[in-house]
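Each chain gets a letter, A, B and so on, in the order its sequence line appears, and its residues count up from 1.
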Amino acid sequence: MSELAEKLAPQSSLAADDFSDLRENAQRALMQHGFPDLKTEAWKYTPIKLLEKREFQPAPASTSSLPELPFDGHVLHFDNGILNADETKLPDGIKLTPATREDFEGIAYGGREDAFAWLNLARFGQAWRIGIEGELDSPLVLAFTTSDDFAAAVHPRLFIDLADNARASLVETQSGGGEGMINAVTNIRVRQGAALDHVIQRGGGDTVRVARTRVDVVRDAEYRSYVLDTGARLGRQDLNVFLNEAGAVGEIDGTVVLDSRQHVDYHTSIEHCTGHTNSRESFRILADGTGVGVFNGRIHIHAEADDSHSDLNTANLLLGEMARINAKPELEIYSEDVTASHGATIGQLDDDALFYLRSRGLPTEEANRLLKYGFAAAPLEGLADETLRNWLLRELELVL
Amino acid sequence: MSQTTEQVQNYIQQRYKAGFYTDIESDRVPAGLNEDIIAMISAKKNEPEWLLEWRLKAFHQWQKMIGPNWAHLNLPAIDFQKIHYYAAPKQENRPKSLDEVDPKLLETFDKLGVPLHERERLAGVAVDAVFDSVSVGTTFQKELKEAGVIFCSFSEAVQEYPDLVREYLGSVVPHTDNYFAALNSAVFTDGSFVYIPKDTRCPMELSTYFRINARDTGQFERTLIVAEPGSHVSYLEGCTAPMRDENQLHAAVVELVAKERAHIKYSTVQNWYPGDENGKGGIYNFVTKRGDCREDDARITWTQVETGSAITWKYPSCILRGDRSSGEFYSVALTRNYQQADTGTKMIHLGKNTTSKIIAKGISAGHSNNSYRGLVRMAKRAENARNYTQCDSLLIGKQCGAHTFPYIESFNPSAKVEHEATTSRIGEDQLFYCRSRGLDEEDAVALIVDGFCKEVFKELPMEFAVEAKALLEISLEGAVG
């Protein structure tokens, strides 16, 4: 494992800038704890052997191209992990500035389970802060693309801040090839009365994707995320939503569709830090071929967080003979006047439904596809923005 | 509010009824854990060479291991060198029948309501009573022998049926299994051994009653039940300990082997001393229980009512190896004051068409923390395997915690797993309804909790169901606020 540390975080080459002390601390913590192994509870089902096998090169010279999006959006293009701010035109409501020390305040990570966050802190290039005010007329798009010769390890770092009463749709997409690694850390603040719809769409490729997103939601603010992940050679997303003040709402809906040689791990947590907060989560995985899907959803209701309500639901379809699904919906409740529930299932397509569709004249394949689509589309159908919803559903259709 | 305060007062004054101490001279080995102590225990029990070797192997393994730290427990460090690993009531010779057993001992079990004397045959349950490290007597030996059933203390089994013991000991829970199982394998003292021959239905319920009495000791018993093809047995287990300020360790291992079409029903009412209202004292209950449905159509049912122990770490599991074998787990875990429980089950589906069902009810009150931790694994070969899990938690009071950590792993595309869980406090409307019918708050809560746990209680043998219900009511007294 130390070889991996040496490869991803060689002792010698820390950037010297305003964040040097942060970087040094992070580097020390990383060296001290090391990378997670299968005994690390949070990484129990996700081995990172693939990273050990890969050799990482400096960023390639070639550039990757933006995927065509069927909607208008304000696009920030992270080409092979690097944002070229000069080429970006943004409306008045969006302010893109380099992040400052202030943005990093209060950031704390734990031990081995947070190794990739330490790695990001030690190695990030240019950290950006995106401030959003008012109501955005069209979505802000963070497009992460990689070229086929991309073999670097990059560590994007973003701070997204929605001002009071702002309203926005944020679309995060990731596409392209290459055997590199994108290890992103994003901190999102949804301030008083603001509302954010956060769409995460990723798929394909050999690139290793590790992402950690922390969302802080305050009084009467709402955060909703919609995930469509169509697989990766190795993908891991931590999505941690903190409901910090009364009236805060957090929702996570996601669909993961996996095929051969893919391993995707979603670890989500919703923290009810105070009372009068609401959350809901619905997550679905379809695993075919030799795909491995991992879902760990945690609801944590802190002490004194009375009148909190939470519901978590995960349904999974295991379709391939060699596929695997590991699901762990957790409840951790320290307050009495709450309701919390979760449900989890792993199963197959319903034979009766298949029979019905076939009796109506649909070929088996078509009937299968229709049932899979119906199952996988459900979490995405709550997305309010019709254009984005249709786009996601079409992307889903393409992989089924 | 004043009523609440009064209730809390009542609750605090509620004594742990099994908390008395029997003043009886005991013979024990010096404190500490090393090869000499293990050899001493083995010698005291006149064990064959292979068993001593097995113990030492386990001990060497244990020295290399570290304690589990993944559970949702605040686990204080345990000084294993301060514990006496063997304590037995002093007796000149081993009694040949219950009539020769020290009356003080019999009195102890009488006080606990355990029918040891044969004259209490009306109870119709065969009992093996384990006092600290040794079994003091087993009832109904004759009747059982007639049916071909072997039910005796583990030490006796080692002497009388060494081949059986050697064949099955450690075959379900190997000495390398986990930290506490390795410790138990090195120092286990007594326990029960049950063997049910082919196509035999055990004529009565079998029961073991465990009692920790001596100070600074731990109890490390080992139970082994083997059910040959087509047999059936129902086994009950109860436990108590005196009230003490210091913590005592209980690290047991239970192994069940169910062969073709055999059914083992294992029920536990665990009422070790839970510590006082400030969390002082109490038993640390670290138990490894596992059943192996070794052949086709075997069935194992675990039922547990857990109200005692300062800390409980316990996951009775089923390995569903045979095709069409089935495992069931029914549990009620109640924690109050500063008790901590991390308990649940593991259902490992290996065979085709295997089924399992898990019903777990957690009730937390006071400052306690109560976690359900369970694993359901559908292995590659487990065609059409099926699991249903339901775990519900009830919160009583503002300072307690209720947690659920279910692990679901599926490797087979024809297997089905369903899991559901809820956490809430007692419904205001239910309470209101009961109170409008004239029940006071405490009775109303008891009624609602009883209903909450009903699915589990109905799985208990009748004698235990009554005891469990009473135990729960006592434990709940004054917990309403």
Check your understanding: Would you call A:Asp253 and A:Arg284 a salt bridge, taking side-chain N to carboxylate O under 4.0 Å as the test?
Key -> no
Review point. Is it the backbone or the side chain of A:Ala303 that comes under 4.5 Å from a heavy atom of chain B, or both, or neither?
Key: neither
Check your understanding: In terms of ring plane angle, is the pair A:Trp118 and A:Tyr109 parallel, tilted or perpendicular, where the classes change at 30° and 60°?
Key -> perpendicular
Revision key, fill the gap. Most heavy-atom pairs under 4.5 Å with chain A, out of B:Met378, B:Glu409, B:Glu420, belong to B:Glu409
**Study point:** When B:Ala415, B:Ser393, B:Pro406, B:Ser424 are compared by non-hydrogen pairs under 4.5 Å with chain A, the top option
**Key:** B:Pro406
Practice item. For the pair A:His267 and A:Phe295, evaluate ring pair (Phe, Tyr, Trp, His ring centres under 6.0 Å) and give the outcome as yes or no after the intermediate values. Key: CA-CA 6 Å; A:His267 265 63; A:Phe295 172 70; 8.5 Å; no
Practice item. Pick one of side chain, backbone, both or neither for A:Asp306, based on which atoms fall under 4.5 Å of a heavy atom in chain B. Key: side chain
Check your understanding: Given the options B:Ser371, B:Gly401, B:Ser414, B:Ser410, which has more heavy-atom pairs under 4.5 Å with chain A than any of the others?
Key -> B:Ser410
**Study point:** Basic-acidic side-chain contact under 4.0 Å: A:Glu251, A:Arg280
**Key:** yes
Review point. Most heavy-atom pairs under 4.5 angstrom with chain B, which of A:Ser335, A:Ala340, A:Gly347?
Key: A:Ala340
Practice item. With a 4.5 Å cut-off on heavy-atom pairs, point out which of A:Asp337, A:Leu312, A:Thr314, A:Asn296 contacts chain B the most. Key: A:Asp337
Revision key, fill the gap. With chain B, the option among A:Gly343, A:Ser341, A:Ala344 that has the most non-hydrogen atom pairs under 4.5 Å is A:Ala344
Practice item. Go through the atoms of A:Glu321 and report whether side chain, backbone, both or neither lie under 4.5 Å from a heavy atom of chain B. Key: both
Check your understanding: B:Asn412 versus chain A, heavy atoms under 4.5 Å apart: side chain, backbone, both or neither?
Key -> backbone
**Study point:** Pair B:Glu418 + B:Arg386: basic N to acidic O under 4.0 Å
**Key:** yes
Check your understanding: Under a 4.5 Å heavy-atom cutoff, which of B:Thr422, B:Asn387, B:Thr404, B:Thr389 has the most pairs with chain A?
Key -> B:Thr404
Point to revise | Basic-acidic side-chain contact under 4.0 Å: B:Lys398, A:Glu304 | key: no
Revision key, fill the gap. Max heavy-atom pairs within cutoff under 4.5 Å with chain B, candidates A:Leu319, A:Thr345, A:Asn326, A:Ile346, goes to A:Ile346
**Study point:** Under-4.0 Å salt bridge between A:Glu330 and A:Lys328
**Key:** yes
**Study point:** Salt bridge A:Asp37-A:Arg112, side-chain N to carboxylate O under 4.0 Å
**Key:** yes
